[in-house]
Amino acid sequence: MAGYDAAAIEKKWQDTWEANGTFVQPNPGEDGFVDRPKLYVLDMFPYPSGTGLHVGHPEGYTATDIVVRYARMKGFNVLHPIGYDAFGLPAEQYAVEHGVHPRETTAGNIANIERQIKMFGFSYDWSRRIATTDVDYYRWTQWIFLQLFDSWFDPQVRAARPIEELIHDLEAGRIHVDSSGDLVYPTSAERWPAMIVGHRDGTLTFGELSHDQQRAVIDGQRLAYMDDVPVNWCPKLGTVLANEEVTNDGRSDRGDFPVYRRAMRQWMLRITAYADRLLEDIETVNWPEPIKIMQRNWIGRSQGAEVDFAIDGHEGEIIRVYTTRPDTLFGATYMVLAPEHPLVDVITTADRRPAVQAYVQTAAHKSEMERTAEAKVKTGQWTGAYAINPVNDKKIPVWVADYVMMGYGTGAIMAVPAHDTRDLEFAEQFHLPIVQVVEPPEGVDWRGYVGDGIAISSGRFDGLATEEFKAKITEWLEEQGLGKGAVNYKLRDWLFSRQRYWGEPFPIIHCPQCGLVGVPEDQLPLELPEMEDFRPAISDDPDAPPAPPLGKATDWLATTCPTCGGPATRELNAMPQWAGSCWYYLRYLDPGNSQRFCDSDVERYWMAPSDANPSGGVDLYVGGAEHAVLHLLYARFWHKVLFDLGHASTVEPFGKLFNQGMIRSFAYRDQRGVYVGYDDVDLTGDSPRHRETGETLSESVEKMSKSLKNVVNPDTVIAEYGADTFRLYEMFMGPLEVSKPWNIQDVPGVHRFLQRIWRMTVGDDDVALLITDPPGCAEIEVLLHKTIKKVGQDIEAMKFNTAISAMMEFVNAVFKTGRLTRDQAERFVLVGAPFAPHMAEEIWQRLGHDRTLAYESWPAYDESLLVEDTVEWPVQVNGKVRGRITAPAGATDEDVVAVALTNPNVAAAVEGKAIVKTIVVPGRLVSIVVK
RNA sequence: GCCGGAGUGGCGGAAUUGGCAGACGCGCAGGAUUCAAAAUCCUGUCAGGAUCACUCCUGGUGUGGGUUCGAUUCCCACCUCCGGCACCA
């Protein structure tokens with residue numbers, strides 16, 4: 001029996017492709033390169049975890065594989081690489097728990113995931129494979145970090161520039177420094193005095209600073225800098241964690257250990273400098289709108305004003321607040337400082353001090369999560385002090401409360417309980433006055449009204465609409481020296497260091513003489529030291545000092561300063577997992593380059609804009625929506641820095657983004673609510689039952705997870721049906737972008753479809769029953785042209801499910817007529833090749849071809865064949881279909897209506913009524929309105 | 001709470017973006033083949049009703065309203081589910 005043997009065919013072609021280097025794509029300038037249009041199609045690279053691939057990965061990979069196989073047949077040079085994001089906490093924690101070195105577990109995990117990926121027959125150019133843990137890779141991650149370290153953001157040109165240029169400008173006196181170390185640009189100094197608020201007291205030139213001060217000013221401007229910042233400290237893991245690594249109840253995602261809020265000196269990346277450009281340029285890329293919205297919200301730009309309030313009895317001190325509603329200043333009835341605000345200690349009166357100190361203490365130990373988790377009940381303490389409202393000189397009490405965050409705005413607010421929900425809750429709780437200053441539209445309660453309206457009780461501003469008021473009062477505040485317009489972002493600078501072993505070491509040396517010094521480029525890579533004991537110091541004590549594992553590599557950490565030659569030590573922190581994924585799409589372009597992170601000519605070729613991708617960058621980037629914000633924002637930020645410094649040719653890294661939906665699956669529970677695995681579920685009856693007990697089970701669709709016992713393993717599906725069936729099924733389930741349930745019962749359907757193709761072209765026992773001699777069947781020829789057109793269009797629109805159903809319809813028609821010429825069979829095989837490449841290659845070969853079909857031209861279709869002369873028109877009477885007529889496609893309206901009225905059913909419906917109106921949609925439908 | 005997305009047969013989904021609702025697949029039912037089964041092939045399959053029958057009628061795309069000759073598609077209000085953010089002043 002020589003039927004369709006998926007396992008044998010798939011193995012054969014995967015080996016053939018690999019042996020022949022079928023999908024190796026040369027770069028410009030390399031042997032075998034042909035100058036043609038390019039297409040860069042990228043999959044979000046996987047994290048090689050111990051559990052291997054889940055069925056969600058191949059969904060996106062299959063989609064891109066179809067696109068690139070199609071593109072090759074359409075004559076594109078295709079860049080389609082794959083690699084592994086292999087540093088990070090999960091691998092390391094697994095290694096710690098099992099006492100194996102992370103390099104070993106990572107290597108094992110990569111081997112396993114690569115074996116799985118290769119089973120699917122994806123047409124990756126494997127010669128470009130990378131892993132972020134490769135020394136040759138992370139050497140360039142370190143190099144990019146040094147670019148960040150050696151750059152600053154020049155607000156005047158809104159771009160990164162080399163730090164030496166800043167030093168030049170400072171030394172030449174083109175830039176001054178104020179008392180807090182911030183840069184001051186004399187070109188704008190004429191306007192400055194009016195804008196100076198608070199205790200700023202003029203500027204200094206660089207030469208007037210001490211050596212240490214100069215260094216502090218420069219270090220404070222770098223895009224990679226160190227700062228004392230509040231972090232999520234997990235003593236049990238011995239590291240700080242990103243917010244997304246902390247669960248809602250303030251514990252570590254990995255290990256479920258308590259996490260504490262605490263200030264620590266950390267590496268930060270100045271992504272906030274790029275907030276406006278990240279916001280503006282998102283308009284230029286072809287991304288799903290919801291993802292763009294999420295990025296905009298994450299950046300969270302708001303426009304408002306900073307206003308200074310004097311403090312009663314504290315000459316020279318002011319409370320600076322940020323507000324987006326300066327028009328409600330007259331309604332401010334109290335102020336709130338964040339518990340960490342430096343003025344709390346200064347202004348608290350003696351009698352209030354014990355209560356305030358206790359409050360600040362408790363707030364300090366709560367994590368941000370805990371603080372927000374208790375959002376329902378507002379807490380706070382009065383400091384005993386009063387501030388003066390600058391618009392009406394009223395004394396208002398100053399409170400401290402943890403609903404105000406030190407990290408946003410100025411860490412202090414003016415509270416307008418009448419028109420702010422949070423302030424209203426607080427005011428009601430502590431019986432503070434509530435004064436209306438905005439008149440809402442008719443019928444809306446003013447208490448808690450936060451929308452726009454008309455100003456009242458606001459002195460000479462009464463009667464102004466909100467927008468106008470904001471502009472007027474901001475102007476007035478600036479004139480009076482009381483405040484100025486200001487912009488704020490939710491986006492924070494990026495906390496970039498982890499106290500862990502399994503990450504890129506920072507190429508930084510701490511010198512007691514010279515401060516922070518970058519490792520010279522020619523000394524890269526700075527390799528991770530081999531360590532027997534790579535465990536972090538763990539503790540139960542929230543105040544335990546961080547002790548990064550690299551601190552134990554004593555030989556490694558002791559070094560000499562590249563600048564002064566004196567003894568120095570290496571940076572002990574490691575980079576977070578995000579680092580490697582911020583630029584991997586660039587390394588794929590030129591993975592073997594030992595001179596640069598990638599050659600610029602090569603970069604310009606693959607990243608160039610095109611009609612379909614006007615912003616340039618990767619032409620199609622496919623992955624899950626879980627990376628909507630962080631990865632995609634971080635990568636955009638790095639890319640912009642590389643662009644500013646002349647290392648990348650495009651402003652954006654990813655021209656087009658496509659998010660695949662999540663694949664979920666059915667989960668079954670018995671009456672006690674215990675999950676039941678698929679092996680124990682009997683689906684043959686009306687409702688799912690337990691195979692042994694016979695108990696009726698409840699069915700629901702859930703995210704795949706071990707605890708729900710509903711994980712589908714791709715290996716077993718492929719073993720049973722083959723990779724082509726798997727690919728086809730995932731594409732046939734529904735639209736790529738929506739989340740869909742995996743239903744094992746549907747898999748045989750697409751498998752049957754493949755078997756029908758096999759039988760139609762190869763046949764059982766190698767007798768192709770349906771292949772006939774020319775001329776074949778005219779109807780089949782027309783349908784084939786339709787199918788070629790539809791499938792091509794659908795691939796370009798990423799609508800794979802309907803492309804497959806079109807192919808199914810073709811096969812069904814062939815079975816019905818029983819006739820197919822060899823030439824038709826060949827064209828159909830080419831159309832199906834992107835979807836089921838192994839089977840297509842095998843049939844192609846059996847039809848007499850000795851070369852791969854991967855670079856055959858996509859079959860052409862003849863538009864004139866698709867135009868039908870006569871069409872069936874449905875006829876509606878008063879919006880209901882009453883009959884169908886046949887008429888020439890190009891018939892005049894009058895003729896079609898005349899024919900329509902001859903239809904007995906239509907005539908009956910029109911009978912005895914007056915025709916008011918007739919509507920003819922050419923080639924589509926006739927509609928008759930009667931009365 | 002705010003911001004997104006989605007609700008269509010027993011199930012997954014389709015519908016040229018205002019023009020025949022349910023393509024294609026699963027499941028189910030019937031038939032052919034077979035000693036029998038599997039596999040395969042063919043037919044039917046939204047619900048209710050009329051008819052010997054070709055067919056025809058009525059209802060129907062989460063709910064309620066609206067615009068239109070005509071609404072799964074557009075507008076208003078609401079319900080449910082999924083995803084994101086969450087005291088951002």
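- The nearest heavy atom of RNA chain B to A:N297 and to A:V881 marks one nucleotide each, and the one closer to the 5' end goes with A:N297.
- For B:C41, the OP1/OP2 oxygens have a side-chain nitrogen or oxygen of A:R756 closer than 4.0 Å.
- Counting non-hydrogen atoms under 4.0 angstrom, A:Q876 reaches a base of the nucleic acid.
- The pairing partner recorded for B:A21 is none, the criterion being a Watson-Crick or G-U wobble arrangement whose two distances lie under 3.5 angstrom.
- The phosphate of B:G25 has neither OP1 nor OP2 within less than 4.0 Å of any side-chain N or O from A:N801.
- Looking at heavy-atom distances under 4.0 Å, A:S302 makes contact with sugar-phosphate atoms alone, never a base.
- Nearest nucleotide to the A:F732 side chain, out of B:G84, B:A89, B:C24: B:C24.
- For a distance-only test at 3.5 Å, the side chain of A:K378 qualifies as a donor-acceptor partner of the base of B:C87.
- For the OP1/OP2 pair of B:C3 and a distance below 4.0 Å, the side-chain nitrogens and oxygens of A:R296 include no atom meeting the criterion.
- If you check B:A89 for Watson-Crick or wobble pairing at under 3.5 angstrom, you find it has no partner at all.
- Comparing atom distances between the A:P741 side chain and each of B:G13, B:C87, B:C41 picks out B:G13 as nearest.
- Classification of the A:Y721-A:H751 ring pair by plane angle, with boundaries at 30° and 60°, yields perpendicular.
- Of all nucleotides listed (B:C41, B:C57, B:G5), B:C57 comes nearest to the side chain of A:R882.
- Remark: of the listed residues A:V398, A:V400, A:I413, A:V398 is the sole one forming a side-chain contact (heavy atoms from CB on, under 4.5 Å) with A:M335.
- No engagement by A:K292 is indicated, since no non-hydrogen atom pair under 4.0 Å with the nucleic acid exists.
- Here A:R664 does not reach the OP1 or OP2 of B:C82: none of its side-chain N or O atoms lies under 4.0 Å away.
- The neighbour count for A:E779 CD, taken as heavy atoms of other residues, nucleotides or ligands under 6.0 Å away, does not exceed 12.
- Applying the 4.0 Å criterion to OP1 and OP2 of B:G13, one finds that A:N743 has every side-chain N and O outside that range.
- Going from atom CG of A:N812 over to atom C1' of B:U43 covers 14 Å, rounded to whole Å.
- With both pairing distances under 3.5 Å, B:G44 is matched to B:C28 as a Watson-Crick or G-U wobble pair.
- Across all strands, A:I919 comes closer than 4.0 Å to base atoms (heavy-atom distances).
- In this structure, A:S927 reaches the bases: a heavy-atom distance under 4.0 Å links it to at least one base atom across the strands shown.
- One can place CG of A:L754 at 13 Å from P of B:U40, the figure rounded to the nearest angstrom.
- Across all strands, A:D423 comes closer than 4.0 Å to no nucleic acid atom at all (heavy-atom distances).
- Once rounded to the nearest 0.5 Å, the distance linking CZ of A:R325 with CE of A:M414 reads 9.0 Å.
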Review point. Should A:W287 and A:F658 be marked as a ring pair (Phe, Tyr, Trp, His ring centres under 6.0 Å) after you check the CA-CA gap, both sets of side-chain angles, and the distance that decides it?
Key: CA-CA 7 Å; A:W287 287 18; A:F658 195 99; over 10 Å; no
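- Ring pair A:Y729/A:W742: centre-to-centre distance below 6.0 Å.
- Rounded to whole Å, atom P of B:C3 lies 19 Å from atom CD1 of A:I299.
- Under the Watson-Crick and G-U wobble criteria, each requiring two contacts below 3.5 Å, nucleotide B:U55 is paired to B:A50.
- OP1 and OP2 of B:G12 both lie 4.0 Å or more from every side-chain N or O belonging to A:K740.
- One atom, CZ of A:F815, and another, P of B:C24, lie 16 Å apart when rounded to the nearest Å.
- For A:I293, the listed nucleotide lying nearest its side chain is B:C3; candidates were B:C87, B:C3, B:G19.
- Counting any heavy atom pair closer than 4.0 Å across all strands shown, A:P735 reaches sugar-phosphate atoms only and no base atom.
- Between B:A89, B:G12, B:C69, one nucleotide has an atom nearer to the side chain of A:V404 than all others, and that is B:A89.
- B:G4: Watson-Crick or G-U partner is B:C82, with both key distances under 3.5 Å.
- Distance CH2 (A:W758) to P (B:A39): 20 Å, rounded to an integer number of Å.
- Look at B:U67: it lacks any Watson-Crick or wobble partner with both distances under 3.5 angstrom.
- If you measure from atom OH of A:Y668 to atom P of B:C11, you get 13 Å, rounded to the nearest angstrom.
- In this structure, A:Y408 reaches the B:A89 phosphate: one of its side-chain N or O atoms is under 4.0 Å from OP1 or OP2.
- Between A:K816 and A:P290, the residue anchored closer to the 5' end of RNA chain B is A:P290, taking for each the nucleotide with the nearest heavy atom.
- Of the side-chain N and O atoms in A:S739, none sit less than 4.0 angstrom from OP1 or OP2 of B:A6.
- Using N1 to N3 plus N6-O4 or O6-N4 for Watson-Crick, or N1-O2 and O6-N3 for G-U wobble, each under 3.5 Å, B:A15 pairs with nothing.
- We find that CD of A:E626 is positioned 12 Å from P of B:G83, with the value rounded to whole Å.
- Protein atom CD of A:Q745 is 13 Å distant from nucleotide atom C1' of B:G25, rounded to whole Å.
- The P atoms of B:G5 and B:C75 are separated by 12 Å, rounded to the nearest whole Å.
- Checking the phosphate oxygens (OP1, OP2) of B:C56, a side-chain nitrogen or oxygen of A:N905 falls inside 4.0 Å.
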